[in-house]
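Reckoned from all heavy atoms, side chains included, excluding hydrogens, waters and symmetry mates.
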Number of protein chains: 2
Amino acid sequence: MYEVLFNFLSKYMSLSEEEKNEIISLDIFRSVKKGTILLKEGQQSKDSYFVLQGCIRTYYVIDGEEKTTAFYTEMDVLTPHCIITKAPSEYYISCLEDSILTVSNSDMEADANRRFPRFETLCRMLSEERLTLQQIDFDQFRTSSPEQRYLNLIQKRPDLLQRVPQHQLASYLGIKPQSLSRLRARILENSKA
Amino acid sequence: MYEVLFNFLSKYMSLSEEEKNEIISLDIFRSVKKGTILLKEGQQSKDSYFVLQGCIRTYYVIDGEEKTTAFYTEMDVLTPHCIITKAPSEYYISCLEDSILTVSNSDMEADANRRFPRFETLCRMLSEERLTLQQIDFDQFRTSSPEQRYLNLIQKRPDLLQRVPQHQLASYLGIKPQSLSRLRARILENSKA
DNA sequence: TAAAATCGTTCACTTAAGTGAAGAAATCGG
DNA sequence: CCGATTTCTTCACTTAAGTGAACGATTTTA
């Protein structure tokens with residue numbers, strides 16, 4: 001299990017055995033059942049998640065409707081907004097599948113940053129990279145139609161189509177479930193003709 | 001001029017006179033005329049920008065049409081995607097108004113990160129904060145209609161309505177200029193009735 | 001300052017998304 | 001294994017965005 005984590009980290013830096021042991025000693029793995037709510041609207045939390053296996057999602061409840069805004073799968077890091085904004089959470093985090101996560105407290109991270117410059121470098125690089133990749137996603141979302149977004153999703157994250165209910169994908173694409181259903185029928189129709 | 005920069009940085013950490021002098025010695029200020037293209041599609045660059053005064057924007061050219069995806073105004077930092085992706089730029093960066101920027105090379109930043117742990121901490125905090133704020137923006141964009149996005153823009157960045165041409169705002173809102181024009185007329189109509 | 005380019009609005013028409021309802025299919029829970 | 005819920009699709013209708021064109025109004029620039 002640690003191998004998956006170390007393998008991920010090795011993309012950014014090589015770790016000494018000592019450092020690996022230090023990480024292991026933190027005992028941060030957690031198994032989470034499908035349906036578990038990790039964070040509720042209004043709550044505050046200091047926990048960040050790294051997905052080793054499975055899928056978690058964030059969603060808002062607006063006028064009684066769930067609006068899914070992100071899916072986190074293998075090798076993704078989720079740091080709840082409320083940790084940065086220091087305000088109660090505006091959204092929910094829930095577990096879409098039985099998952100294995102690492103859970104790290106922001107105090108632990110601050111401590112690690114203080115003690116290991118290399119850890120801080122890793123965090124800086126990771127968040128700079130995430131920021132840019134997300135900007136690219138946002139740009140793409142802004143500049144394309146729902147249909148293009150859907151076709152793009154098929155290319156970029158085909159696994160989501162298999163593991164996520166359609167109505168959750170719909171709000172992720174910025175439309176209603178009925179529209180996604182219609183849009184899919186339209187695409188199928190056009191590819192036939 | 002340095003005061004504006006130091007004032008910004010003081011939100012994150014206090015700087016010693018030595019550190020301030022070090023920054024001054026880098027000589028990174030640059031005055032840029034309206035209309036100047038700072039980066040072209042296909043080019044690579046190592047320069048990042050901090051806006052002290054003025055406004056710059058990023059835009060893609062898709063099917064011959066400009067699609068504006070971001071505006072950077074006072075106290076905003078723009079790190080071009082190509083620095084992180086290490087690929088040619090997919091978009092343009094252009095100067096909307098006569099502006100005063102700081103221009104920093106990514107080699108300089110890497111050097112500063114190596115020499116000053118505090119600088120690296122600052123960069124980590126800034127990019128973690130930017131990442132979260134941008135996620136919130138993206139969530140809001142996903143979960144709202146063009147009209148809601150426009151009303152939201154009036155609240156959040158009223159200055160943009162004054163300083164940016166409408167057709168650039170339109171693509172920023174994910175719609176066509178004609179639709180923005182109509183949408184504005186509709187809002188005005190409704191607020192009268 | 002005059003010609004050219006850019007910009008914003010409007011119009012008529014087309015296309016696609018939102019809405020509310022209904023029903024079939026799949027999944028879940030006891 | 002069966003009933004209940006959830007999920008997905010379809011339909012008819014409404015609303016809003018896309019398209020192409022036209023026309024002033026501004027701004028640019030030569």
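Taking a heavy-atom distance under 4.0 Å as the criterion, the stretch of DNA chain D touched by chain A extends 5' to 3' from D:dT7 to D:dT10.
Considering only side-chain N and O atoms, B:His167 lies under 4.0 angstrom from the phosphate OP1 or OP2 of C:dG8.
Scored by the ring-ring contact (aromatic ring centres under 6.0 Å, His included) test, A:Phe119 finds no partners at all (sequence neighbours excluded). With sequence neighbours excluded, no residue forms a salt bridge (Lys or Arg N to Asp or Glu O under 4.0 Å) with B:Arg184. The side-chain contact (heavy atoms from CB on, under 4.5 Å) test applied to B:His81 returns A:Thr132, A:Gln135, A:Ile136, A:Asp139, B:Tyr60, B:Tyr91, not counting sequence neighbours.
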Classify every nucleotide of nucleotides 22-30 of chain C by which part a protein heavy atom approaches to under 4.0 Å, writing B for the base, S for the sugar-phosphate alone and - for neither, in 5'-to-3' order.
------S--

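Nearest approach of A:Arg124 to B:Asn113, heavy atoms of both residues: CZ-ND2, 3.3 Å.
The other members of the hydrophobic cluster of B:Val61, by chain and number, are B:Ile37, B:Tyr59, B:Tyr92 (side-chain heavy atoms under 4.5 Å, ILVMFWY only).
A salt bridge does not link B:Arg130 to A:Glu128: none of the charged nitrogens lies less than 4.0 Å from a carboxylate oxygen. Ion pairing between a basic and an acidic side chain is recognised when a charged N comes within 4.0 Å of a carboxylate O; B:Glu147 and B:Arg186 show such pairing.
Proximity of residues 145-164 of chain B to DNA chain D (heavy atom under 4.0 angstrom from any strand atom) is restricted to B:Pro146.
A:Ser104 and A:Glu109 are linked by a side-chain donor-acceptor pair at a separation below 3.5 angstrom, with hydrogens and angles left out of the test.
DNA chain D is contacted by both B:Gln178 and B:Arg186; B:Arg186 maps to the nucleotide lying nearer its 5′ end (nearest heavy atom per residue).
Sorted by first and then second residue, the salt bridge (Lys or Arg N to Asp or Glu O under 4.0 Å) pairs with a member in residues 11-21 of chain A read A:Glu19-A:Arg118; sequence neighbours excluded. The stretch residues 150-163 of chain A participates, sequence neighbours left out, in these salt bridge (Lys or Arg N to Asp or Glu O under 4.0 Å) pairs: A:Glu74-A:Arg163, A:Asp76-A:Arg157, A:Glu97-A:Arg163, A:Asp159-A:Arg163. The ring pair (Phe, Tyr, Trp, His ring centres under 6.0 Å) analysis of residues 30-57 of chain A, with sequence neighbours excluded, yields the pairs A:Phe8-A:Phe50. Pairs passing the ring pair (Phe, Tyr, Trp, His ring centres under 6.0 Å) check and including a residue from residues 157-182 of chain B, sequence neighbours excluded, read B:Phe71-B:Tyr172.
Annotation: cation-pi geometry not satisfied between A:Arg57 and A:Tyr72 (NZ/CZ under 6.0 angstrom from ring centroid, within 45° of ring axis).
Taking atom CG of B:Leu183 as the reference point, atom C1' of C:dT10 lies 15 Å away to the nearest angstrom. Between the CD atom of B:Gln166 and the C1' atom of C:dT9 there is a distance of 10 Å, given to the nearest Å.
Over its full length, the helix from C:dT1-D:dA30 to C:dG30-D:dC1 turns its helical axis through 60°, comparing axes from the five pairs at each end and rounding to 10°.
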